[in-house]
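Chain identifiers are assigned alphabetically (A, B, ...) following the order of the sequence lines, protein sequences preceding nucleic acid strands; residue numbering begins at 1 within each chain. Everything quoted here is computed from the prediction, not taken from an experiment. Values below: every heavy atom of this structure, side chains too, minus hydrogens, waters and symmetry copies.
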Amino acid sequence: MTEKYNPAEIEPRWQAKWEADGLYHADIDQSRPKHYALTMLPYPSGDLHIGHWYAMTPSDARARYLRMKGYNVMFPIGFDAFGLPAENAAVKHNIHPKEWTYANIERMRKQLRSMGAMWDWRREAISSDPKYYRWSQYFFIKLYEHGLAYRKMAPVDFCPNCNTTLAREQVWGEDRHCERCETPVIKKDLEQWFFRTTSYADELLDFSPIDWPERVRLLQTNWIGRSEGASVQFPLVADRRSIITVFTTRPDTLWGATFMVLAPEHPLVEKITTDECRQVVEAYQAQAARRSDIDREAVDKEKTGVFTGGYAINPVNGERIPIWIADYVMMTYGTGAIMAVPAHDERDFAFAIEYGLPIIPVIARPDGISKSLVFPGSVRDGFAAELESADIEFYAAPVGDLGEGLFVTLQREQVDHYTALMTQYLQPGNWNEIVGSSWLFIFDDGVVALDSVDADQAILARCKAIYPPVRHNRTVMEMLDSLPFYRDVLFHHEYGDMIHSGEFSGVPGDAAVEKVTEFLEEKGIGEGAVNYRLRDWLISRQRYWGAPIPMVYCEGCGWNLVPEDELPVLLPDDVEWLPTGESPLKLHPTWAQTTCPACGGEARRETDTMDTFMCSSWYHLRYLSPEYDEGPFDPQEYDYWMPVDTYTGGIEHATMHLIYTRFFHKAGRDMGIMKGAEPMMRLRNQGMVLGEDGEKMSKSRGNVVAPDELVAAYGADTVRAYLMFFARWDLGGPWDSQGVGGPSRWLKRVWTLYTEKPQINGNPPESILRDLRRKVHQTLKDVTRDFENFEFNTIISSLMELLNFMYLARDQGAVGAPAWNEAVDVYLRMMAPVTPHIAEELWVETLDKPYSIHNQPWPEVDEAAAQVEQITLIVQVNGRLRDRITVPVNISAEDAKKTALASESAARFMEDKKPRHVIYVPGRLVNIVI
RNA sequence: GCCGAAGUGGCGGAAUUGGCAGACGCGCACGACUCAAAAUCGUGUUCCUUCGGGAGUGUGGGUUCGAUUCCCUCCUUCGGCACCA
């Protein structure tokens, strides 16, 4: 009888020994290449989640693989220990956040150890330790000293439930709710601390030094949202020295800017607004301020706005244009003011139609299409015949109840001829218009172009005189917009040749932006400009459980840094837990009282704490030397280990942590603290393990899978193997409790193969030994490649396949042969990174090899052994599989073709026809084409 | 609305450079062992079929001797952004 596989006994035993021996300690060793493998640090929520296992197991396996490959691998762990849940627990269960957090950490350490991962626990870092946050505060000071931290009053997203401000990326969904508690956020005006992430916007867009997933790069690129264009200055009519600056991506449309719109909260509104308009403007401002972003959500809602009474000068054509305010212009993007070009911007068009503002087209349609509706009775007989002979597209149809009209569609080159015809045929007392690419109004005494605001009014006046039903229209475009036939040609936002733009008319679309920008710069009325969607990082939190911001406010001296030698600014323990909505720090009777570092007088500490993303922006550096107290990290350790070689974690941090940490690194580099362009060279994201119901795991749904129970039932090795096997790592998927049986059986079968006495001994056929070696080395090749590529599921299936083959070889008497001995040795080495305990046990106890398997080198592939000797030649007729013939791998093309043509199965489908082609794909197939 | 990803048996998934579709595993069926059950072991398992074969990787088309793989159309699902000037 052999002993049964008993992971509950094996696993803790080896874990204890590895720990006692310091097997995974990673120390500087210049003789070996280093590898810094990092997984995103966990928040100590209390219980290790299956998601943690899913994220960490393959990373651990890969780190172990690299270790066997000869790298000096550092694989550290720690805790992102500040944050809101600790405070919520404090309010709910009346337990101090510190106590709650550290109890959770203790619990999670135990759970983490049960995974059997190769963490070097000496490097553990906990962000809520004073010896850690001292250096978070140090980084704040450095950023402040270098002008990268500043304080400003700003409208910020505030969660009324969490009672704190949120960074932009912590606000989710269409209803703009709090990432954590799902309460819709409100806007508040507060004085807050910011980091100047925008200073690095351009560099953050450069991913060339790093190997990161396309998806993350794209998310970050969109988040940063760079757009190129120009800033243009519009002087006020009332005071020419006052300027409204706008950002536009379309300087080529400047001549079509017929009004301006400011955000309701724009600072210039007060100055611009005339007395007559003041009441309406202030009412609108109040209404806009009251509206939360939730109301603004509807993109297609009707545009609203009011006129301020003020006017600006369009700097390119000197036109006087009205200034409006409207809530479709955001104070937070660009300059909070826009030039409205209604002919070429959808929102501006809708707004202009709504409020009767003039719309002047200044960019020709790229397709050159124009339309013209010939009113019933407006032309003399014979016009339709002329159109036909000129090959002009049209159809006749009733126009309301006025009789039959002609609906004409013109190509670019037909416009002149059509205009001439119309001039000739137009009945007196009528007009006809051409709209779309050309904008011409043909009256019986001449042709007028819709090329300016004056022309707009002149044309409209004539039309009203001729045809009174249009008298209520305020602009030509509004009049045209009432005819459905024209709707699709009145507006477009494409690039095209400039028209109605003075000396720029005729400039082609592909040169227009550049030419106009040059012109603006020459004239000193504007310049090329770049705008970003990215905003500065708001780091103030009105909470207790975080790193205090090391600033002091003095009535006389203003804001001052806490001197570096006074760090850390310690978080007090003796705080009151009252659900007041205020941070306990603010309510603490004495904590905030201090002296001013500048004048020595009375001063108050900043009572806000830092966003926890600040702590997690540099934790990979604290791992280098968590006890070091002369700086955030030991420079020697930094020079050896940094940058991080592989970084693994969830995609959900793409626009948060992963942008912050890159910003931090770049800022740190420019301050002379860090080195290199990027902190993490290679990033890979795992997917998410869902509940068995396919939904996200949550306590309320009751679909949570508890790792501890799984370990108790199957052992850590099985759980590790299953997590690597059950889905593509980057995709994840629903948990399947039945599926665990697969890897569980695999390990039991491995155990049996190694511990059971074989029934048949000796005299194996030579071929099975050769095949065994081939299979071993092919598997080794596959597994090696899959580790390199983060393809973990196929590692397990390859190992399962090889095991099946080893059983076959055993039953043919292979045990004891050199090929067999090689197989059982290599097999355990390949298993070691995935299932470290069983591999060690069988290595030491069954094979009687020297401890530890985890110090063994990764085996070398014997290419000659992996080489196949015979292949199955596929014979196709017209691309369809007709026969399989076993042939030597080095068969010549000629022989392969001959063999295929000789196939009887293939011949049956060739119907005695002569092959037209015979295609040979070396080592694979012959395709006979008849 | 804009940007992106993914669609392969009952299920998870494999097919690495355009060349045998469905490896490996789950589940299921049958068999062995057992008084019985569990465990274990073995065999089978894309669908249709007149047993010759035919169809088949979301849909429809294209390129090719040959397409899960490349190109185009559409559909579905998921993710991101969203009045961004």
Which atom pairs, donor and acceptor, lie under 3.5 Å between side-chain atoms of residues 248-264 of chain A and protein residues at least two apart or in another chain?
unit_1, atom_1, unit_2, atom_2, d
A:Thr248, OG1, A:Arg250, N, 2.8
A:Arg250, NE, A:Asp252, OD1, 3.0
A:Arg250, NE, A:Asp252, OD2, 3.4
A:Arg250, NH1, A:His493, O, 3.0
A:Arg250, NH2, A:Asp252, OD2, 3.0
A:Arg250, NH2, A:Glu494, O, 3.2
A:Thr253, OG1, A:Arg250, O, 2.8
A:Thr258, OG1, A:Pro358, O, 2.7

Return the value, rounded to whole Å, for the distance between atom CD of A:Gln220 and atom P of B:rG4. 17 Å
Write down the distance separating the C1' atoms in B:rG54 and B:rC3, rounded off to the nearest Å. 43 Å
Mind calculating the distance between CD (A:Glu346) and P (B:rC84) to the nearest angstrom? 9 Å
Heteroatom pairs (N/O) under 3.5 angstrom, protein to nucleotides 30-34 of chain B:
none

Taking the side chain as everything from C-beta on, heavy atoms only, tell me whether A:Trp53 gets closer than 4.5 Å to A:Pro58. no
Please give the distance between the P atoms of B:rU43 and B:rA55 as a whole number of Å. 32 Å
Nearest listed nucleotide, side chain of A:Leu218, among B:rG27, B:rC3, B:rC84: B:rC3
Answer with base, sugar-phosphate or nothing: what part of the nucleic acid does A:Ile919 contact at a heavy-atom distance below 4.0 Å? base
With rounding to the nearest 0.5 angstrom, report the CG to CG distance, A:Leu802 to A:Asn804. 9.0 Å
If you define the side chain from C-beta out and look only at heavy atoms, does anything of A:Phe234 sit under 4.5 Å from A:Ile323? no
Assess whether a salt bridge exists between A:Lys897 and A:Glu894, defined as any Lys/Arg side-chain N lying under 4.0 Å from an Asp/Glu carboxylate O. no
Counting heavy atoms from C-beta on, name the nucleotide in B:rA85, B:rG19, B:rC3 closest to the side chain of A:Asn927. B:rG19
Would you please test A:Trp537 and A:Phe613 for ring pair (Phe, Tyr, Trp, His ring centres under 6.0 Å) and show each step? CA-CA 10 Å; A:Trp537 175 12; A:Phe613 277 119; 7.3 Å; no
Set out, in order, the CA-CA distance, both residues' side-chain angles and the distance that settles salt bridge (Lys or Arg N to Asp or Glu O under 4.0 Å) for A:Arg728 and A:Glu791, then state yes or no. CA-CA 7 Å; A:Arg728 263 179 57 176; A:Glu791 284 163 12; over 6 Å; no
For nucleotides 37-47 of chain B, read 5' to 3', which letter fits each nucleotide if B means a protein heavy atom sits under 4.0 Å from the base, S means only the sugar-phosphate is that close, and - means neither? ---SS------
Find the distance A:Phe259:CZ to B:rA85:C1' and express it as a whole number of Å. 12 Å
Once you round to the nearest 0.5 Å, how far does CH2 of A:Trp729 lie from OG1 of A:Thr794? 13.5 Å
Determine the contact category for A:Thr655: base if any of its heavy atoms lies under 4.0 Å from a base atom, sugar-phosphate if only primed atoms, P, OP1 or OP2 are that close, otherwise nothing. nothing
Are any of the side-chain nitrogens in A:Glu863 or A:Lys781 under 4.0 Å away from the carboxylate oxygens of its partner? yes
Heavy-atom donor-acceptor pair, A:Arg884 side chain to A:Leu873 backbone, under 3.5 Å: no
In this structure, how many angstroms lie between the P atom of B:rG79 and the CG atom of A:Asn222, rounded? 17 Å
Counting distance only, does the side-chain N/O of A:Asp536 pair as donor-acceptor with the main-chain N or O of A:Thr197 below 3.5 Å? yes
I would like to know whether A:Asp202 and A:Tyr532 meet side-chain hydrogen bond (donor to acceptor under 3.5 Å, both in side chains); could you show each step before the answer? CA-CA 9 Å; A:Asp202 252 327; A:Tyr532 300 93; 2.7 Å; yes
So, is the end of the A:Arg533 side chain (NZ or CZ) under 6.0 Å from the ring centre of A:Trp223 and within 45° of the ring's axis? yes
Looking only at atom P, what distance separates B:rU45 and B:rC33, rounded to whole Å? 24 Å
Could you state the OH-C1' distance from A:Tyr920 to B:rG66, rounded to the nearest angstrom? 16 Å
A:Phe909 six-ring face occupied by A:Arg882 cation (under 6.0 Å, within 45°): yes
For A:Gly732, report the nucleic acid contact type (base, sugar-phosphate, nothing); a contact means any heavy atom under 4.0 Å. sugar-phosphate
Provide the distance between the two C1' atoms, one in B:rU59 and one in B:rA6, to the nearest whole Å. 16 Å
Classify the nucleic acid contact of A:Arg916 as base, sugar-phosphate or nothing, counting any heavy atom under 4.0 Å across all strands shown. nothing
What interatomic distance, in whole Å, is found between P of B:rA14 and the corresponding atom of B:rU49? 31 Å
Tell me, which stems hold RNA chain B, with a stem being 3 or more Watson-Crick or G-U pairs in a row and both distances under 3.5 Å? B:1-7 with B:75-81, B:10-12 with B:24-26, B:27-32 with B:40-45, B:46-48 with B:53-55, B:60-62 with B:70-72
Note: for A:Gly742 and A:Tyr333 on RNA chain B, the residue whose nearest nucleotide lies more 5' is A:Gly742
Rounded P spacing from B:rC72 to B:rC78 in Å: 25 Å
Below 4.0 angstrom, N of the basic side chain to O of the carboxylate: do A:Asp211 and A:Arg684 qualify? yes
Every protein N/O lying under 3.5 Å from an N/O of nucleotides 20-24 of chain B:
unit_1, atom_1, unit_2, atom_2, d
B:rC20, O2, A:Arg884, NH1, 2.1
B:rA23, O2', A:Glu801, OE1, 3.4
B:rA23, O2', A:Glu801, OE2, 3.2

A:Leu799 versus A:Tyr827, closest heavy-atom pair with distance: O-OH, 2.6 Å
Under 4.0 Å, counting only non-hydrogen atoms across every strand here, what does A:Arg882 touch: a base, just sugar-phosphate, or nothing? sugar-phosphate
Of the listed nucleotides (B:rC83, B:rG19, B:rA85), which one gets closest to any side-chain atom of A:Lys303? B:rC83
For atom C1', what is the distance between B:rG13 and B:rG22, given to the nearest Å? 10 Å
chi for B:rG52 classified (syn = within 90 degrees of 0, anti otherwise) as syn
With side chains defined as the heavy atoms from C-beta onward, is the minimum distance between A:Val516 and A:Met498 less than 4.5 Å? yes
Contact letters for nucleotides 5-11 of chain B, in which S counts primed atoms plus P, OP1 and OP2 and B counts the base, heavy atoms under 4.0 Å: -------
Above 12 or not: heavy atoms from other molecules or residues under 6.0 Å from CZ of A:Arg924? no
Anti or syn - B:rG66, cut at 90° from 0: anti
When A:Val740 and A:Thr248 are each assigned the nearest nucleotide of RNA chain B, the 5'-most assignment goes to A:Val740
Should the pair A:Glu692-A:Arg701 be classified as a salt bridge under the 4.0 Å nitrogen-to-oxygen rule? no
The nucleotide from B:rC81, B:rG13, B:rC84 with an atom nearest the side chain of A:Arg347 is B:rC84
Measuring only the P atom in each nucleotide, how far is B:rG60 from B:rC74? A whole number of Å is fine. 15 Å
Can a side chain N or O of A:Arg880 be found less than 4.0 Å away from OP1 or OP2 on B:rC65? no
